[in-house]
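First up is the structure itself, then whatever we jot down about it.
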Amino acid sequence: MIKRIFTLFIFCFLSTCFALWANRLDDIRAKLFNPQSKSVLVASHRGDWRNACENSLEAIENAVQMGVDIVEVDLARTKDGHLILLHDNTLDRTTTGKGKPEEYTLAEIKKLRLRNGCHIKTIYKIPTLEEALLTAKGKVMLNLDKAFDYFDQVYELLEKTGTTNLVIMKSNAPAEDVKRDYGKYLDKVIFMPKVNLDDKDAIQKLNDYLRVLKPVAIEFKFAYDTNPLPYEVKKIMAGKSHIWYNTLWDTHAGGHDDDCSLLNKDKGYGYLINNLGATILQTDRPAYLIDYLKHKSKVMDCNRDWTYLQSENEFQAPSVPHFTVEECFLKGKQSSQTNEDGMIVTPYFAAVIDGATAKSTFTYDGKKTGRLAMELALEAIRDFPKDIDAAGAISRITEKIHDFYVEHNLLDELKAEPGKRFTANGVIYSYARNEVWQVGDCQCIIGNLYSSNEKEIDAIMANARAVVNEVALLDGATLKDLESHDPGREFIYPFLQKQALLQNCPVEGQRFAFPVFDGFPVQMKQVNIFSVGDAEEVVLSSDGYPHLYSTLHESECYLADILEKDPLCMRLYKSTKGVQKGNCSFDDRAYLRIKMK
């Protein structure tokens, strides 16, 4: 009786598991076949090879357990014609064998053992493709690399194992060739083309694939994010097909790879998703990417009382003829009187100006130098001729601040002591020029382009501050102690004062130099000038937002999450300062989203 009950329990348990796996695969395919789906599918490169041998059954199973949607594996063929999982042309790196797989029979291959990532022999064996298909069946999709030349043989195995619904085949072969040679399979097996956006004929290839094959996804690569084509691809692919990027190496995703994501997930994975429209990412760190997507989903769905965006807003945008202010928000970290961020909207310009935190005790009419620099910049912008160019505009702001120095007998002192200068960063939209000018570390989004323009030296100082504070915690301080006395900030402060030697530095090739408005000549080579082109929206912001999104709600949600989990800004988001006692944030913030008419 007990044995019968136990057997029934096992049967019910397994039936439930199979049903769940079937639903899981159906869910993955539903997203893949819906070009409108914004859900990001995670593809694990060679399985979970960090915790199991690459291209092993264990690596596939691990990936399934962590919630991966697609597992990428590589194929090779043995001497007697069996398909096995193997990436390299030889057995040397990943197995105990030597030489090429086509020199071994399957029986000989099965006597070998896989090596792990440290080249240590394990107990695991090289699997066949058939074994891999049965392991993945009903649980996860398999992306078969190095398999295109074996398409006919692969399809026979798919039919044999009943797995035609879980395989993705891929190649960069011309669209017409794929249709001619393998058209009989294309309504049964998913085929994904590959396009290198650094090739001269990349867009022609893309359009050919869309026209001839109508694929559910296309895999793209590009070496540097100065390549404009990824933004064009997003427009071309919208509503037609999914965009796949690999984050394995920097040259596959313009530098926004796994390593970049380890330092800042939003600049790595986030850039590809938010800016380039990626809905499939293949990674060597699947667990890390899955955690990021869960966190991002939770943050962006935050449920808040949004009335403060009106009641606490310190700026009311006027109505102007050439563009519409969709959203704007200005709030000081302490009060409106001490707020060093400012914004302006005129008939031909929109701008956010961020006054830098004062590094001196100088005040004028009770205002610190950052506030004064911001106000002087706004005054200059208010008087801009409508067709002024970037160089002329920046020169006028510089002159405005310089004239204030002369008027108040400050010029000689500030020449000698740059750390005391009235300093501001800014980002300015010109309607007549259809451009955005970015000076210093303000942020902007232009259509699909995002530029944070964070100074390299600030990132170094933020890391130094974080290290000093972590040491203080190990030495017995509490997080509450650090809120009232920040030893990390205290440690970097003398350098922050000297750092002014780098602003508007004219020395050619000085890697840490950066532009600011400070009354002295700006090096135009250091200024970002972006063409707006046919973008419908532009977002301008100060660096009071750890990451800028295309809506105010998203930007505020992300900020709120950081302030809740890392108010000292030393772990999740590293800054040169955290939330000081009495302040509502780590910095003043300004957000301005405009839409072209």
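What you see below is based on every heavy atom in this structure, not just the backbone, and it leaves out hydrogens, waters and symmetry mates.
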| query | Hey, is Lys595 close enough to Glu536 for a salt bridge, meaning N to O under 4.0 Å? | reply | no
| field | Salt bridge present between Lys331 and Glu314 (N-O < 4.0 angstrom) | value | no
| field | Single hit among Asp258, Asp257, Asn246 for side chain to side chain donor-acceptor pair (under 3.5 Å) with Thr283 | value | Asp258
| said: side-chain contact (heavy atoms from CB on, under 4.5 Å) for Lys574 and Arg465? Distances and angles first, verdict last. | reply: CA-CA 8 Å; Lys574 294 177 183 177; Arg465 170 180 170 265; over 6 Å; no
| said: Please find the pair of heavy atoms, one from Arg371 and one from Asn339, that lie closest to each other, and give the distance. | reply: NH1-O, 2.7 Å
| Ring centre gap for Tyr573 and Phe586 strictly below 6.0 Å | yes
| query | If you measure from the Lys or Arg side-chain nitrogens to the Asp or Glu carboxylate oxygens, is any gap between Lys420 and Glu417 under 4.0 Å? | reply | yes
| note | Between Pro515 and Val522 the two heavy atoms that sit nearest each other are CB-CG1, 3.9 Å
| task | State whether the side chain of Glu340 and the backbone N or O of Met374 hold a donor-acceptor pair below 3.5 Å, judged by distance alone. | result | no
| Distance-only, no hydrogens or angles: does the Asn274 side chain make a donor-acceptor pair with backbone N or O of Gly270 under 3.5 Å? | yes
| Can you check ring pair (Phe, Tyr, Trp, His ring centres under 6.0 Å) on Phe323 and Tyr429, steps first, answer last? | CA-CA 11 Å; Phe323 52 88; Tyr429 163 71; 5.5 Å; yes
| Any side-chain heavy-atom pair from Glu470 and Leu474 closer than 4.5 angstrom? | no
| query | Cys444 versus Val539: any side-chain heavy-atom pair under 4.5 Å? | reply | no
| query | Are the side chain of Gln438 and the backbone N or O of Cys442 linked by a donor-acceptor pair below 3.5 Å? | reply | yes
| message | Checking the side chain of Thr363 only, and the main-chain atoms of Gly366 only, is there a donor and an acceptor separated by less than 3.5 Å? | response | no
| request: Take the angle between the ring planes of Trp249 and His252 and call it parallel below 30°, perpendicular above 60°, tilted in between. | output: perpendicular
| query | Does a sphere of radius 6.0 Å around NZ in Lys597 hold more than 12 heavy atoms from other residues, nucleotides or ligands, not counting ones at 6.0 Å or beyond? | reply | yes
| said: Main chain of Leu197, side chain of Asn227: is a donor-acceptor contact present, judged purely on distance under 3.5 Å? | reply: yes
| message | Looking at every non-hydrogen atom in both residues, tell me the closest pair between Leu559 and Pro546 and how far apart they are. | response | CD1-CD, 3.6 Å
| query | Any side-chain donor-acceptor pair under 3.5 Å between Asp266 and Tyr292? | reply | yes
| task | Kindly say whether Gly332 contributes a backbone atom to a donor-acceptor pair with the side chain of Arg589 at under 3.5 angstrom? | result | no
| query | Going by atom types only, do Asp543 and Asn425 share a side-chain donor-acceptor pair under 3.5 Å? | reply | no
| request: Determine, for Lys296 against Asp561, whether the closest basic-nitrogen to carboxylate-oxygen distance falls under 4.0 angstrom. | output: no
| request: Might you point out which heavy atoms bring Asp341 and Ser542 nearest each other, and give the distance in Å? | output: OD2-OG, 2.7 Å
| Which heavy atom of Lys565 sits nearest a heavy atom of Pro567, and at what distance? | C-CD, 3.6 Å
| Arg421 backbone acceptor or donor facing Thr423 side chain under 3.5 Å | yes
| field | Heavy atoms of other groups near Glu554 CD, more than 12 under 6.0 Å | value | yes
| task | Decide whether Asp250 and His256 meet the rule of one side-chain donor and one side-chain acceptor closer than 3.5 Å. | result | no
| query | Going through the distances and angles, do Lys265 and Asp291 end up as a salt bridge (Lys or Arg N to Asp or Glu O under 4.0 Å)? | reply | CA-CA 10 Å; Lys265 292 183 285 291; Asp291 283 345; over 6 Å; no
| query | Under 3.5 Å, is there a donor-acceptor pair linking the side chains of Tyr231 and Asn275? | reply | no
| said: Is it true that Tyr245 and Glu219 share a donor-acceptor pair across their side chains at a distance under 3.5 Å? | reply: no
| Other residues, nucleotides, ligands: >12 heavy atoms within 6.0 Å of Phe491 CZ | no
| Residue pair Lys38, Thr279: steps toward the side-chain hydrogen bond (donor to acceptor under 3.5 Å, both in side chains) verdict | CA-CA 6 Å; Lys38 299 300 182 183; Thr279 46; over 6 Å; no
| request: Ignoring hydrogens and angles, state whether a donor on the side chain of Ser395 or Thr398 is under 3.5 Å from an acceptor on the partner side chain. | output: no
| request: Determine whether the aromatic ring centres of Tyr545 and His547 lie less than 6.0 Å apart. | output: no
| request: Report yes if the distance between the aromatic ring centroids of Phe404 and Phe422 is under 6.0 Å, otherwise no. | output: yes
| request: Decide if atom NZ of Lys368 counts as having more than 12 heavy atoms of other residues, nucleotides or ligands within a radius under 6.0 Å. | output: no
| message | Angle between ring planes, Phe520 versus Tyr405, binned at 30° and 60°: parallel, tilted or perpendicular? | response | tilted
| said: Taking Gln503's backbone N and O only, do any of them form a donor-acceptor pair with Asp518's side chain (distance below 3.5 Å, no angle check)? | reply: no
| Derivation of the side-chain contact (heavy atoms from CB on, under 4.5 Å) call for Leu309 and Trp306 | CA-CA 6 Å; Leu309 292 178; Trp306 296 105; 3.5 Å; yes
| Under the side-chain contact (heavy atoms from CB on, under 4.5 Å) criterion, do Leu548 and Ser541 qualify, and how do the steps go? | CA-CA 7 Å; Leu548 182 62; Ser541 166; 3.5 Å; yes
| said: Looking at Asp441 and Lys455, is any side-chain nitrogen of the basic one under 4.0 Å from a carboxylate oxygen of the acidic one? | reply: yes
| said: Does either side chain, that of Ser550 or that of Glu537, offer a donor lying less than 3.5 Å from an acceptor on the other one? | reply: no
| said: Using every non-hydrogen atom in the two residues, find where Ser37 and His242 come nearest and quote the distance to one decimal. | reply: O-CE1, 3.7 Å
| field | Check: Ala459 main-chain N/O paired with Asn463 side-chain donor or acceptor under 3.5 Å | value | yes
| message | Within the 4.5 Å heavy-atom criterion, are Met343 and Cys328 side-chain neighbours or not? | response | yes
| query | With no hydrogens and no angle check, do the side chains of His408 and Tyr364 hold a donor and an acceptor under 3.5 Å apart? | reply | yes
| said: Could you check whether Asp198 pairs with Lys221 (Lys NZ or Arg NE/NH1/NH2 to Asp/Glu carboxylate O, under 4.0 Å)? | reply: no
| Donor-acceptor pair, Asn196 side chain versus Ala202 backbone, under 3.5 Å? | no
| Between Phe329 and Tyr591, is the ring centre distance below 6.0 Å? | no
| task | Check whether the ring centres of Phe349 and Tyr431 lie less than 6.0 Å apart, and answer yes or no. | result | no
| said: Go through it in stages, so that I can follow the logic: the residues are Arg285 and Leu262, the test is side-chain contact (heavy atoms from CB on, under 4.5 Å), and I'd like the CA-CA distance, side-chain angles, deciding distance and then a yes or no. | reply: CA-CA 10 Å; Arg285 297 184 180 275; Leu262 283 176; 3.5 Å; yes
| task | Consider only side-chain N and O atoms of Asp305 and Thr307, and report whether a donor and an acceptor are under 3.5 Å apart. | result | yes
| said: Can you pull out every side chain to side chain donor-acceptor pair (under 3.5 Å) where at least one residue sits in residues 343-355? Sequence neighbours excluded, please. | reply: none
| field | Step-by-step side-chain hydrogen bond (donor to acceptor under 3.5 Å, both in side chains) determination, Gln499 to Asp458 | value | CA-CA 9 Å; Gln499 182 176 303; Asp458 276 355; 3.2 Å; yes
